[in-house]
Chemist: 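Starting off with a structure, shown below.
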Amino acid sequence: MNKVYPNAKAALDGLVFDGMTIMAGGFGLCGIPENLIVALRDSGVTGVTAISNNAGVDDFGLGLLLQTRQIRKMVSSYVGENATFEKQYLNGELELEFNPQGTLAERIRAGGAGIPGFYTKTGVGTLIAEGKEHKQFNGETFILETGLVSDLSLVKAWKADKEGNLVYRKTARNFNPMMATAGKVTVVEVEELVEIGDLDPDQIHTPGIFVDRIVVGTFEKRIEKRTTRAA
């Protein structure tokens, strides 16, 4: 099966539907699937539940889908850089399921591993714990968190071979590898596509069995917040 598609729009063809749940990898604006996010916006899909560490900024990343009000719900751990997110949430126009960052990562990893739930101490005694099952282990209280699975995972990697074996660079290893395993369908955008056998097997982070479609993208790699000092 040929997994390589000519562009992001083609890579999403037939996979998008209203009310779907997506995962989008990366951290801040680093290592995000920026081309696939634009293609998702351009598809016109609505009612999306988006699972992502954050929602990008107002005019980049998942912030683009917030601008067009295509996202119904965010499952996130950090929302501090997006004024559109803040406004929609405070106005009751956007649902938010807030997670401690480590809990979000483990929920995604668990979903990809077929684990329906796990207990954690994180969040006990806070708003995070409200409505969740509590259980005692060795005299300490834990809360039940559920694993997460998406209809579609949008992933950014550095290199892929034509079988979909992936290598990530640096910050792109935040959330992307686990999201690749937790999608019913996983679409990956990469900077470089190589032939099968060109990647060192010991350096592969995500095996190709988890990857359904691949597209080679061009990337802006925008800096989220630039801090400088006088020379």
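Just so we're clear, the structure is a prediction, and the values are computed from it rather than from any experiment. What you see below is based on every heavy atom in this structure, not just the backbone, and it leaves out hydrogens, waters and symmetry mates.
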Chemist: Please tell me if the side chains of Gln88 and Thr84 come closer than 4.5 Å, counting only heavy atoms from C-beta onward.
Modeler: yes
Chemist: Show me the pairs that pass salt bridge (charged side-chain N to carboxylate O under 4.0 Å, His left out) and involve residues 152-161, at least two apart or across chains.
Modeler: Lys156-Glu191
Chemist: What pairs of residues pass the ring-ring contact (aromatic ring centres under 6.0 Å, His included) test when at least one of them lies in residues 176-225, not counting sequence neighbours?
Modeler: Tyr168-His205
Chemist: With sequence neighbours excluded, tell me which residues meet salt bridge (Lys or Arg N to Asp or Glu O under 4.0 Å) with Glu93.
Modeler: Arg69
Chemist: State, with a plain yes or no, whether a side-chain heavy atom of Lys3 is found less than 4.5 Å away from one of Lys162.
Modeler: no
Chemist: Give every donor-acceptor pair under 3.5 Å between a side-chain atom in residues 12-31 and any protein atom, sequence neighbours left out.
Modeler:
residue: Asp18; atom: OD1; partner: Thr46; partner atom: N; Å: 2.9
residue: Asp18; atom: OD1; partner: Thr46; partner atom: OG1; Å: 3.3
residue: Asp18; atom: OD2; partner: Thr46; partner atom: OG1; Å: 3.4

Chemist: Taking only Lys NZ, Arg NE, NH1 and NH2, and the carboxylate oxygens of Asp or Glu, determine whether Arg169 and Glu192 approach each other closer than 4.0 Å.
Modeler: no
Chemist: Keeping to residues at least two apart or across chains, list the salt bridge (charged side-chain N to carboxylate O under 4.0 Å, His left out) pairs with something in residues 116-125.
Modeler: Lys121-Glu140
Chemist: Could you walk me through whether Leu62 and Phe85 pass side chain to side chain contact (heavy atoms under 4.5 Å, CB included), step by step?
Modeler: CA-CA 10 Å; Leu62 289 177; Phe85 192 133; over 6 Å; no
Chemist: For Asp212 and Thr186, which I'm curious about, is there any donor-acceptor pair between the side chains at under 3.5 Å?
Modeler: no
Chemist: After noting the C-alpha distance and the side-chain angles of Ile115 and Arg109, does the key distance pass the side chain to side chain contact (heavy atoms under 4.5 Å, CB included) rule?
Modeler: CA-CA 8 Å; Ile115 299 170; Arg109 190 204 68 81; 3.9 Å; yes
Chemist: Which pairs pass ring-ring contact (aromatic ring centres under 6.0 Å, His included) with one or both residues in residues 103-150, sequence neighbours excluded?
Modeler: Tyr119-Phe137, Phe137-Phe142
Chemist: Nearest heavy-atom pair of Lys132 and Glu145: which atoms, and what distance?
Modeler: NZ-OE2, 2.8 Å
Chemist: Using side-chain heavy atoms (C-beta onward) and a distance below 4.5 Å, is Glu189 in contact with Glu34?
Modeler: yes
Chemist: Would you say Lys73 and Val75 make side-chain contact, with heavy atoms under 4.5 Å?
Modeler: yes
Chemist: Between Val215 and Asn35, is there a side-chain heavy-atom distance shorter than 4.5 Å?
Modeler: no
Chemist: Should Met178 and Ile204 be counted in the same cluster of Ile, Leu, Val, Met, Phe, Trp and Tyr side chains packed under 4.5 Å apart?
Modeler: no
Chemist: Taking C-beta and beyond as the side chain, do Met74 and Leu94 meet within less than 4.5 Å on heavy atoms?
Modeler: yes
Chemist: Yes or no on side chain to side chain contact (heavy atoms under 4.5 Å, CB included) for Gln136 and Thr141, after CA distance, side-chain angles and deciding distance?
Modeler: CA-CA 5 Å; Gln136 294 282 321; Thr141 301; 2.5 Å; yes
Chemist: So does Glu97 get a backbone contact from the side chain of Asn99, meaning a donor-acceptor N/O pair under 3.5 Å?
Modeler: yes
